[in-house]
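Computed from a prediction, not measured in an experiment: that's the story for all the values here.
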There are 2 protein chains.
Amino acid sequence: MTNIRDLAHEANVSVTTVSRVLNDHPYVAEEKRRAVKEAILKLGYIRNQTAVHLSTGRTKTIGVMLPFVDHPYHAAILQGIAKSAFEDAYRFLTWQTNYFEEHERTVLRALAQREVDGLIIVSHSLAVSEILSYEQYGPIVFCELHEYVSSVYINHYTAFCKGLTALQQLGHHRIGICLGRADSTNSRARKQAYHDLVEPNSNDWVYEQTLTIEDGTRVAEHWLSQKQRPSAIMTTSDHVAAGLIIALRKRGYRIPEDLSVIGFDGSDLAEVLDLTTIAIPYALIGQQAFSLVTRDVMNQPLQIEIPATLQMGNTAAQLPSAD
Amino acid sequence: MTNIRDLAHEANVSVTTVSRVLNDHPYVAEEKRRAVKEAILKLGYIRNQTAVHLSTGRTKTIGVMLPFVDHPYHAAILQGIAKSAFEDAYRFLTWQTNYFEEHERTVLRALAQREVDGLIIVSHSLAVSEILSYEQYGPIVFCELHEYVSSVYINHYTAFCKGLTALQQLGHHRIGICLGRADSTNSRARKQAYHDLVEPNSNDWVYEQTLTIEDGTRVAEHWLSQKQRPSAIMTTSDHVAAGLIIALRKRGYRIPEDLSVIGFDGSDLAEVLDLTTIAIPYALIGQQAFSLVTRDVMNQPLQIEIPATLQMGNTAAQLPSAD
DNA sequence: TTGTATGCGTTATCAA
DNA sequence: TTGATAACGCATACAA
């Protein structure tokens, strides 16, 4: 492998001059610059980035920790990161953790080992405090809101409120909600919104641990088995909404006549099924997270709220006045 | 940042011994080994991977070139790669190219610059020959079939034949097909299958440039505008099938009674819409591609065919005998 | 404007 | 079983 020393020899200059040419630095005589460029061509030289990394102390690479790379909204965040990273000539390493704490620690270790200059944490199960203990090795940005931490986040409380309010304005007062992972930050915020706006005490219509299409089907079973049923359900994701709707339609129920359903994400599924949903600009989250983690002044945490919007479809409707 | 020299000093051994301990090499006295481990703890030492990369000449990182990280089946391949990479303690860098040739060249350059040890090319628009000119810098594995090249691939010809044959067995003989990017390898194979099995000459029912849900809607318009319509359409993706089906159902047409539709991918959409589709184990493609690109003996290209299977749903049905 | 010399942190060779 | 020392390839302070 030819290196800058070979180039220097070939072009009859010093390695410093070669390095200057390589990095477009000033103070190089045009003649020598040309000589170096010729040598590069002649020897077929290609710069070794690893050496650059070691020498400069940075990798121009950031790490991304997420539970699943192929879940639509994680993938959408990833695509935002990919876009921004490419534009800034950055690289990114992705770790799929499946929410396993030991996997998440691998990611943190990578930061400490200088494999990446910073970390974007899309979602995690480790305690925030443990994660933050790695901040000494480089900037860490969350895609969820945490105190004293740089984050790009959806305000799940207000986002959920948007859906719940919309349902109430449609005349619903018996409203159920789906929640995702128990005890996750998001679930807590959503539950709070529910208690504040709809049911201060009861949890009869709170369907927990719903993440996937299958979970939506499970919610349908549960709903069917209930004597007192909600007339509307605010879900955690378009997937859950889809599973729920499909299952009920198969049983002959009509959506939204028999049950109003609001999704969450604004995904392809929402488009296909014409779901009423809370649309989230996930790619934007990725882009903002990238710009936060790569900004040069990391003196203090910065928090950016990303807006969620109610997207009208045909799965939530006025409650029949008969009710 | 504390380094192995500091450790050596602290533990009263040489850097070689420290390195040996770090890498679990034999020939280290138990006593010294312990001394080094204590020093590591005391000084809070963490190994700098960049230095390891430079010294060993490899990064234990592979690169992934794909057009879009958030398209379901690309994401699924990515998730397979992520899984395998994690298991083997490898990293992967992802580049989203949008099929821009200049972006694709960036990826190739990264291989040449030793940022990655090898490359998985999920999909590309550059000429294969140009890509292969970079093979001198490291192994390159394609997720499409090309001659003389390591590839993990779906045989799109036989996969499409499965769908077409199924339609014929259902009594259809007026069959249309959707194609994706014009002149792509896959499109050619699919068109060939169509000409061999269904319509040797006519292209009236060949709908080109269909990739997205919107494209499916466009196909619906086209189909509606035709005097002579096919009774069944084999599509390029579940997305296209979904767009087509939804658009037609909105117009009052019944699927599969008025038109049989077969999707492609076996995605979430297929599940939700109960599509008859050709299911592809995309994650498996990613896993196999990873194992190919990281195998140590790269003497000759290896090609692995991944099976596609017809997955029954309710969007393709027997042609009414009235027809 | 140019070059020398040193450092980045590790692994690997070779001699002891 | 251990240790000096030379790579690995590049960037950069400092001197000229």
**Student:** To the nearest 0.5 Å, tell me how far A:Ile154 CD1 sits from A:Glu144 CD.
**Tutor:**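 Answer rounded to 0.5 Å: 11.0 Å.
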
**Student:** Decide whether A:Asp70 and B:Tyr282 meet the rule of one side-chain donor and one side-chain acceptor closer than 3.5 Å.
**Tutor:** no

**Student:** Give the rounded distance in Å between these two atoms: CZ of B:Arg33 and C1' of D:dT2.
**Tutor:**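 From B:Arg33 CZ to D:dT2 C1': 13 Å.
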
**Student:** Got a sec, which pairs hit side-chain hydrogen bond (donor to acceptor under 3.5 Å, both in side chains) with one end in residues 26-47 of chain B, sequence neighbours left out?
**Tutor:**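 Listed once each, the pairs are B:Glu10-B:Lys42, B:Asn23-B:Arg47.
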
**Student:** Tell me: CE of A:Met1 to C1' of D:dC10, nearest whole Å?
**Tutor:**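 So the two atoms are 12 Å apart, to the nearest Å.
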
**Student:** State plainly whether the residues B:Arg188 and B:Asp183 are in salt-bridge range, i.e. N to O under 4.0 Å.
**Tutor:**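 So B:Arg188 pairs with B:Asp183 through a salt bridge.
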
**Student:** Between D:dA4 atom P and B:Ile4 atom CD1, what is the distance in whole Å?
**Tutor:** 13 Å

**Student:** Using atom CG of A:Asn23 as one end and atom P of D:dC10 as the other, report the distance to the nearest whole Å.
**Tutor:**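 So the CG-P distance, A:Asn23 to D:dC10, works out to 10 Å.
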
**Student:** Expressed as a whole number of angstroms, how long is the span from B:His25:NE2 to D:dT2:C1'?
**Tutor:** 15 Å

**Student:** Quick check on contacts: within residues 34-59 of chain A, what sits under 4.0 Å from DNA chain C by heavy-atom distance?
**Tutor:** A:Leu54, A:Ser55

**Student:** What do you reckon, are the aromatic ring centroids of A:Phe290 and A:Phe92 less than 6.0 Å apart?
**Tutor:**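 So the answer is no for these two rings.
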
**Student:** What are the residues of residues 9-22 of chain B, sorted by number, that bring a heavy atom to within less than 4.0 Å of DNA chain C?
**Tutor:** B:Thr16, B:Ser19

**Student:** Using the benzene-type ring in the case of Trp, are the ring centres of B:His124 and B:His103 under 6.0 Å apart?
**Tutor:** no

**Student:** Report the distance from atom OH of B:Tyr27 to atom P of C:dC14, rounded to the nearest whole Å.
**Tutor:** 17 Å

**Student:** Is the phosphate of C:dC8, meaning OP1 or OP2, less than 4.0 Å from a side-chain N or O of B:Asn3?
**Tutor:**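 B:Asn3 to C:dC8 OP1/OP2: no side-chain N or O under 4.0 Å.
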
**Student:** Rounded to whole angstrom units, what separation is found between the CG atom of B:Leu7 and the P atom of D:dG3?
**Tutor:**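 So the two atoms are 14 Å apart, to the nearest Å.
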
**Student:** Nearest-Å distance, CG (A:Asp6) to C1' (D:dA7)?
**Tutor:** 14 Å

**Student:** Does the structure place the NZ or CZ of A:Arg114 under 6.0 Å from the centre of the six-membered ring of A:Tyr137, at an angle of no more than 45° from the ring's axis?
**Tutor:** no

**Student:** So A:Thr185 and A:Leu145, do their side chains get closer than 4.5 Å, heavy atoms only?
**Tutor:** no

**Student:** Taking A:Arg109 first and then A:Glu115, would you say they form a salt bridge - that is, a charged N and a carboxylate O separated by under 4.0 Å?
**Tutor:**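 So A:Arg109 does not pair with A:Glu115 through a salt bridge.
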
